Amino acid sequence: MTSSLTLVQSVSILECMLRIRRFEEMLIDLAKDHNFGHYHLYIGEEATGATVAESLRDTDLLLTTWRNHGHLLARGAEPGKMVAEILGRIDGYNKGRGGTLHLTAREKGFLSTSGLVGGAVGLAAGAGFALKQMGEGNICVVFFGDGALEEGIVFEAMNLASLWALPVLFMCENNNSGAISAQEGGFPSSEIAASKISDIPKSLNIKTDVVDGANVAAVHDVVNDAVCEMRESGKPIFIEAYTERWPGSRPLWPEQATPVTDITSAWDETVISGDSSGWIRDYDPIIRFVRGGLDQGMFTESDLLDRDSRILSEIKEARAFGEASAYPDPESALDGTFVAQEV
Ligand SMILES: Cc1ncc(C[n+]2csc(CCOP(=O)(O)OP(=O)(O)O)c2C)c(N)n1
Ligand SMILES: [Mg+2]
């Protein structure tokens, strides 16, 4: 941990990462009981979303993708309303119309969540333009995967953001390492002609940084500096946060490919087992952060166990809230559409 990350921030980020992890682990179980369709998990990428959120103001804007649960939780979205949305229920953030792929929370600054690869990036250029006109020093953060660099709209959006000096933080979450290609029955991995993702924004004169997205302190330093600079300059910045893909997100449908997280693994390696033990030991951002925090005397084992069990209860309640919520009335099917037509 570096000196720029305070103890209060460290505890807040740790809690946020644990909340995301427990939420996502619960979803794997929820999916077995409720057939809510295709879904994506943020396990292994928590250090990026949780730490970015720590550097933002309430008045900043955000856009994200299908892999959105961690981003919403990091902005303080209510887990119960998220479960309800994922299950298509009336108490969900979007009254059950968005589901996991389009889950969004306007009151937390999210303009929308796009299921289209690169879709959120185009919208971010528009949001950046609006923020520039408003002149209040707010920024727009757009989260997207490495696959978005295959899409034309991303080049156009970055080009405009650079030419017009728009305050857009392009947060590229590169989880390609460890991905299995679609031909082999796994989740699609990205393919671009550039040898490095970071060469692409640089060619458009956008300041670019590359950071280990599973290292909280590193993400904090890079993102915090970027956000401060952007509030002054109003110009875009691109950050590539790379992570080693969680083994459970390699197949097309998520699987509990590592055992459910046991935070004692941070201080007792003998409890780490299974085919993916290397991922837990070397790449799991939560285990890495806890290990470092214990070494530096920032956390104690008993405090960590208390926090974890409180978060587990919170997530259990969120599940119960979502499952108890009703389905929307079929009569309301056209509510929220631009043009309600008689059928
Ligand atoms: C325009 C478009 N093309 C194809 C798809 C199908 N698709 C869904 S996710 C995905 C891979 C995305 O990879 P990446 O952007 O790296 O995000 P990750 O899921 O790895 O976080 C593809 C090709 C889509 N949703 N939208
Ligand atoms: Mg990816």
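These numbers were taken from a predicted model, which means no experiment stands behind them. Quick note: numbers below take in every heavy atom, side chains included, and nothing from hydrogens, waters or symmetry partners. Order of listing sets the numbers, starting from 1, for every ligand and every atom in it.
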**Asked** Any idea which protein heavy atom is nearest atom 20 (O) of ligand 1, and the distance to it?
**Response** Asn175 OD1, 2.9 Å

**Message:** Tell me if the aromatic rings of Phe143 and Phe110 count as close, with their centers under 6.0 Å from one another.
**Reply:** no

**Item:** Where ligand 1 meets Leu116 - atom numbers and elements under 4.0 angstrom, heavy-atom basis
**Value:** 26 (N)

**Complete:** the protein heavy atom lying closest to atom 21 (O) of ligand 1 turns out to be Arg67 NE, 2.8 Å

**Asked** Among protein heavy atoms, which sits nearest to atom 16 (O) of ligand 1, and what does the distance come to when rounded to 0.1 Å?
**Response** Gly147 N, 2.8 Å

**Prompt:** Is Asp60 salt-bridged to Arg231, cutoff N-O under 4.0 Å?
**Reply:** yes

**Prompt:** In the single-linkage hydrophobic clustering (I, L, V, M, F, W, Y; side-chain heavy atoms under 4.5 Å), do Leu61 and Phe170 co-cluster?
**Reply:** yes

**Val117, Asn174, Leu252: member with heavy atom nearest to atom 23 (C) of ligand 1** = Val117

**Message:** Atom CD of residue position Glu331 - does it have more than 12 heavy atoms of other residues, nucleotides or ligands inside 6.0 Å?
**Reply:** no

**Request:** Go through the steps to decide whether Tyr39 and His69 satisfy the test ring pair (Phe, Tyr, Trp, His ring centres under 6.0 Å), and finish with yes or no.
**Result:** CA-CA 10 Å; Tyr39 67 109; His69 308 155; 7.6 Å; no

**Request:** May I ask you to identify, for Glu45, whether its side chain, its backbone, both or neither come under 4.0 Å of ligand 1 on a heavy-atom basis?
**Result:** neither

**Asked** Who's the nearest protein heavy-atom neighbour of atom 25 (N) of ligand 1, and how far?
**Response** Gly115 O, 2.9 Å

**Request:** For atom 17 (O) of ligand 1, grab the closest protein heavy atom and report residue, atom and distance to one decimal in Å.
**Result:** Trp66 CZ2, 3.4 Å

**Message:** So for ligand 1, is His40 a polar contact partner (N or O within less than 3.5 Å, distance only)?
**Reply:** no

**Prompt:** Just which atoms of ligand 1 are under 4.0 Å from any heavy atom in Ala148?
**Reply:** 15 (O)

**Complete:** the protein heavy atom lying closest to atom 11 (C) of ligand 1 turns out to be Phe187 CE2, 3.9 Å

**Prompt:** Excluding waters, which protein N, O or S atoms are within less than 2.8 Å of the Mg ion (ligand 2)?
**Reply:** Asp146 OD1, Asn175 OD1

